Structure formats: structure tokens, C-alpha cells
Amino acid sequence: MADSFLFSGISLDRKRFAKDISRFKGKKDTVENPIFLDNVNVETKDGEQLDVARGNKKRKRKLNEHDVKSFSVFKRCNRKPKNEEDDHQESEISQGKKEYFRQLERDALSRKKHNIHVSGSNIPSPLESFVELKSRYKCKSYLLRNLAELGFRELTPIQMQAIPILLSGRECFACAPTGSGKTFAFLCPILMRLKHASKDGIRAVILCPTRELAAQTARECKKLAKRNKFYIKLMTKQLVKSADFSKLQCDILISTPYRVRAAVRKKKLNLSRVEFLVLDESDKLFELGLVKQVDSVVKACSNPSIVRSLFSATLPDTVEELARTIMHDAIRVIIGRKNSASECIKQKLVFVGSEEGKLLALRQCFAESLNPPVLVFVQNKERAKQLHDELKFDDIRVDVIHSDLNEIQRENAVDNFRAGKTWVLIATDVIARGMDFKGINCVINYDFPDSSAAYIHRIGRSGRAGRSGEAITLYTEADTRYLRNVANVMTASGCEVPSWIMSLPKLKWKKHRPHRHAISTKLKDEEE
DNA sequence: AAAAAAG
């Protein structure tokens, strides 16, 4: 089996191996298409498990001939950026270097003002306003009208920078806080570049880690595309089963990776004409169980001039390093500080002693002030069910969502919560990422999160689009060892943390989380 | 380590 160059990319030090690289550069390669993630050996020869998204770099291999070959494949696939609309920088050089440097200065100032950090070559200037979207990039009026109707007034920093990058056909990875408008940042350039429906087949694919997020993205996309003929399809069970699925007219396909892979394998889907591929919540998509599926989708998108982009609120170094070695001259955009929480959320820590204290604390919290809608996160499905059973007889409209429910049940849970019929939604991490519920007032971490990223995404369900929000994290004696990790996120986003917590030792998240026994008032005596 | 991805 061929070694993965996905993982070899991590340990590739260009300077150190410059000699070896030049030695192999002239050689003919055996790979025909540029591939994003080829041959992902999640299980290596030694049987070790590698998980990029969790920053697991257990195995560092020495560079061998195969790696160098693979590397040179990427080098040679580098395309020239398509500078159709965005060659104003180029022309300004010819007009005079002075004006060019003035523009660079303006860009730098604008980026500083909006807390935009970029790296990469030849980066398009950030946009200042929707007006500029029209003047600089000839945005069609239907889109501007939809934007106005949907209440878009100003561009957010991620939109200012990511939109011009994608419009100029450049690849990018973008890291911006939860609720800061990432979805629009990739939908807008896709709609603008595809212009209108065509019979060419699928031209844009958006991958999301959960069905709920895919559904939400599809809905947003349809709203934005109103007044223009576009075929925007959400891949559901129904759609795949439908008889003429292979003849489906579709411009933009939104799905979870598994379904796309399955359809591609059955030759029901042709992705060779895809021009845009977005990996939303990319760090999640790079996790152990998902990365293989994502890889096969990326491979199926064989169009050499494809524009790929990664979006997330959390971007671990490992994922970024990996993507950097294999993407085409990608631009990196970070808004604010990397891996930080939204600053609109008031974050609190509450000590509950032991597991038994949690239920009491939660009821107390509801008794004091129940300000719906409220989201309660627990560690796993079992606990979600238990907590729901415990609370459903209280005088609260409570519901639960986790992956053991079927597609319709899950959809209903989300819809009822959106409609305000449910006040308190108990959830696993299924809906921790990307979901945009209107004005969630409070997120409660009933169970301590499994990672800083999980924490950031969970609490990011509130405090969206500039609104304020509240996040309460319950912690037990057993959780105190990981408290510092959450506390770091809190201080980084401007929340106060007691000094004794900040003086705790810096402990890495451990794999073996404290075992939590059942949530039940009846069981309490037996446990003790 | 668990959750999620789906047949």
C-alpha cells in the first residue's frame, strides 16, 4: 500500500530537504490528477491510529523518495491565479509603483482596523462595503437586493477578506469566531462566480460534518439565491433514493461527506466539473472517522482549476500544516486570535462538587431565571436521554437531540427549538458546531467539554452576529484538572477567571475522561 | 474517548 503523503506533508521541512526535492523534481510522476488528500492511511503500517484534527502526531517519518515525488506533484500542479477581475493590483504596478504601495498600505491599515491577519502571496485587498462588492466585482443586483432584505448591513471582517480571495480564484483557509458570518463568506463568492444555473452538472460542493448543519447551509444558500435561477440541492436520503437522481440538475450540492462518497462510488454523481469545494467546520471534517470520506470526495472533484477552501472557528496547527503543504498557494485568513471564543459571550464557571450536584445546580439555575431558549450540552447520547427523562416531568418545555434519533425526529427537535416551542434543548455535540439558532440566551455545559475546541463551538451557539449571550459551565472535582484549558479560552476572550484557576498546572486534555455515572435522582443512594 | 458520518 502506498504511503500517505497526507501525513508525510506534516514532517516535510522544505529548507532542510531542498536538495532532495530538487533531485526528484525532474522525475516523471505517476499520479495523474492533483489530489488534496491522497491515500489517507488512517491506520498506518504499525497499526497506529492517527488523528490529524486532534493534533495527534504520533509518528514522524523520515522523508523518503515517495514523499518527495508526491511533493513535486503538488509543486507542478500550481496554477496561475485567475486574475480576471482582480488584476487591479497588477495594473497598478504598471501605472506606477507608488500607487501600488499606497494600495498595500491601505490594505494593511484596513486589516489592522478589522483585526484581520493574513499570510500568503499576492493577497486581494479587503472589501470595505457591499457597495464595493458591486463596484469592484460587479455583484449582480439580485444578490444585493436579497442581502438587503435579509438584513445584511455591513460586512464582517471574515467576509471582507475571504470574499475577494475566493472571487479571485484563490484557495484559502479561514479561521473566524463563531457567529461571525463564515457561511455567507463562502456562499457569496460561489453565487457570484457561478452566475446562474447551467447544464454543466455540479459546480460547487459544500461539505458539513452534520446533517443539521448541511440543512441549515442549504436553506441560507437558497435564501441568498432567490430571484436567480439556481439549483441548490441538499443531499437527503429521499433525494439519493429518488429514481432520477443521476440525472439531477444541480449547481450547488450541500451534504455530509458520507452520502457524497456513496453516490460517487455508485457512479450516480459526477464531480469532475466542480469549481468550488468548501469544507465547513474543517477541523471536524479532518477527524478520524471523517477524514477518509472527505478525502474520497476531494479526489472525486478532479477539475484541475478547482478552488478549495477550509472554514472553521477552530483550526489546530496540525490541520493547518497539513492543508498548507497540499493546497495551491492558499491564503490564510485569521480573524482576531486563532481558536478564540466570541467576545460577546459572558462566560461563567460553576462548581458543583460531584456528579450528583449537577442536577440540583441545573434546577436551581432554571428556578432562578429561565430565559429561553437555552441549550444544555452533555457528554454522550446516553446522558442526553437520561437528563431528558429527568427533566421532562418538570414544568419546563424540554426536548432532546442526539444521533440515535432518526432524521425526522432530529429535524423536528431543531424546528421546535427554532420556533420557540422548546425552551430547553438537551444536546450532544451534534449541534455544537455551526448551528445558528435565533438568539440563544444561555448555553449550559452540563458536562464539561472534551476539548477547548468543543468548548468554543458549544458556547458559540449564543452570542451570534453581535448579540450578547451567556455560557455556564458546570464542573466537578474530577473536572478541575482540565479547568485551566477552558479558563485560558475565557481570559483570551476577555472574561474574568479566579486567579487560583489560572495558577493551576497546564494540563493537556486527556483521552480518558472521568467516568460519569447515570443521571438519576433515584440511583443516587445506590451509587454512594 | 465519544460523537458523528450512513447502510
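Order of the sequence lines sets the chain letters (A, B, ...), proteins ahead of strands, with each chain counted from 1. Given the structure is predicted, the values throughout are model-derived calculations rather than measurements.
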For [X] and [N], what is the distance between atoms [atom1] and [atom2] respectively, to the nearest whole Å?
{"X": "A:E382", "N": "B:dA3", "atom1": "CD", "atom2": "P", "result": "9 Å"}
{"X": "A:N445", "N": "B:dA3", "atom1": "CG", "atom2": "C1'", "result": "15 Å"}
{"X": "A:K268", "N": "B:dG7", "atom1": "NZ", "atom2": "C1'", "result": "13 Å"}
{"X": "A:I254", "N": "B:dA5", "atom1": "CD1", "atom2": "P", "result": "16 Å"}
{"X": "A:D429", "N": "B:dA5", "atom1": "CG", "atom2": "C1'", "result": "15 Å"}
{"X": "A:L285", "N": "B:dA5", "atom1": "CG", "atom2": "C1'", "result": "10 Å"}
{"X": "A:Q386", "N": "B:dA2", "atom1": "CD", "atom2": "C1'", "result": "15 Å"}
{"X": "A:L239", "N": "B:dG7", "atom1": "CG", "atom2": "P", "result": "12 Å"}

Is there side-chain contact between A:V278 and A:L187, with heavy atoms separated by less than 4.5 Å?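 The answer is no, as the side chains (C-beta and beyond) never meet within the 4.5 Å cut-off.
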Partner of A:F417 by side chain to side chain contact (heavy atoms under 4.5 Å, CB included), out of A:I401, A:D399, A:L375: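 It is A:L375; the other options fail the test.
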Can you tell me if NZ on A:K222 sees more than 12 non-hydrogen neighbours from other groups inside 6.0 Å?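 Correct, the count exceeds 12.
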Side chain to side chain donor-acceptor pair (under 3.5 Å) partners of A:R418, counting only residues at least two apart: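 A:R418: side chain to side chain donor-acceptor pair (under 3.5 Å) contacts with A:Q216.
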Donor-acceptor list for residues 424-443 of chain A side chains, cut-off 3.5 Å, not counting sequence neighbours:
residue: A:T428; atom: OG1; partner: A:V430; partner atom: N; Å: 3.4
residue: A:D429; atom: OD1; partner: A:R458; partner atom: NE; Å: 2.8
residue: A:D429; atom: OD1; partner: A:R458; partner atom: NH2; Å: 3.4
residue: A:R433; atom: NH1; partner: A:E281; partner atom: OE1; Å: 2.9
residue: A:R433; atom: NH1; partner: A:D283; partner atom: OD1; Å: 3.0
residue: A:R433; atom: NH1; partner: A:H457; partner atom: NE2; Å: 3.2
residue: A:R433; atom: NH2; partner: A:D283; partner atom: OD2; Å: 3.0
residue: A:D436; atom: OD1; partner: A:R464; partner atom: NE; Å: 2.4
residue: A:N441; atom: ND2; partner: A:N371; partner atom: O; Å: 3.4
residue: A:N441; atom: ND2; partner: A:P372; partner atom: O; Å: 2.9

Nearest to side-chain heavy atoms of [X], which nucleotide of [options]:
{"X": "A:D450", "options": "B:dA2, B:dA3, B:dA6", "value": "B:dA2"}
{"X": "A:T256", "options": "B:dA4, B:dA5, B:dA3", "value": "B:dA5"}
{"X": "A:T210", "options": "B:dA3, B:dA5, B:dG7", "value": "B:dA5"}
{"X": "A:Y258", "options": "B:dA4, B:dA2, B:dA6", "value": "B:dA6"}

With a non-hydrogen cut-off below 4.0 angstrom, is A:R410 in contact with a base, only sugar-phosphate, or nothing?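 A:R410: backbone/sugar contact only, no base atoms under 4.0 Å.
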So what does A:P257 hit on the nucleic acid, given a heavy-atom distance under 4.0 Å: a base, only sugar-phosphate, or nothing?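 A:P257: no heavy atom of the nucleic acid under 4.0 Å.
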Between [X] and [N], is there a side-chain N or O to OP1/OP2 distance below 4.0 Å?
{"X": "A:K381", "N": "B:dA4", "result": "yes"}
{"X": "A:T428", "N": "B:dA4", "result": "yes"}
{"X": "A:R383", "N": "B:dA2", "result": "no"}

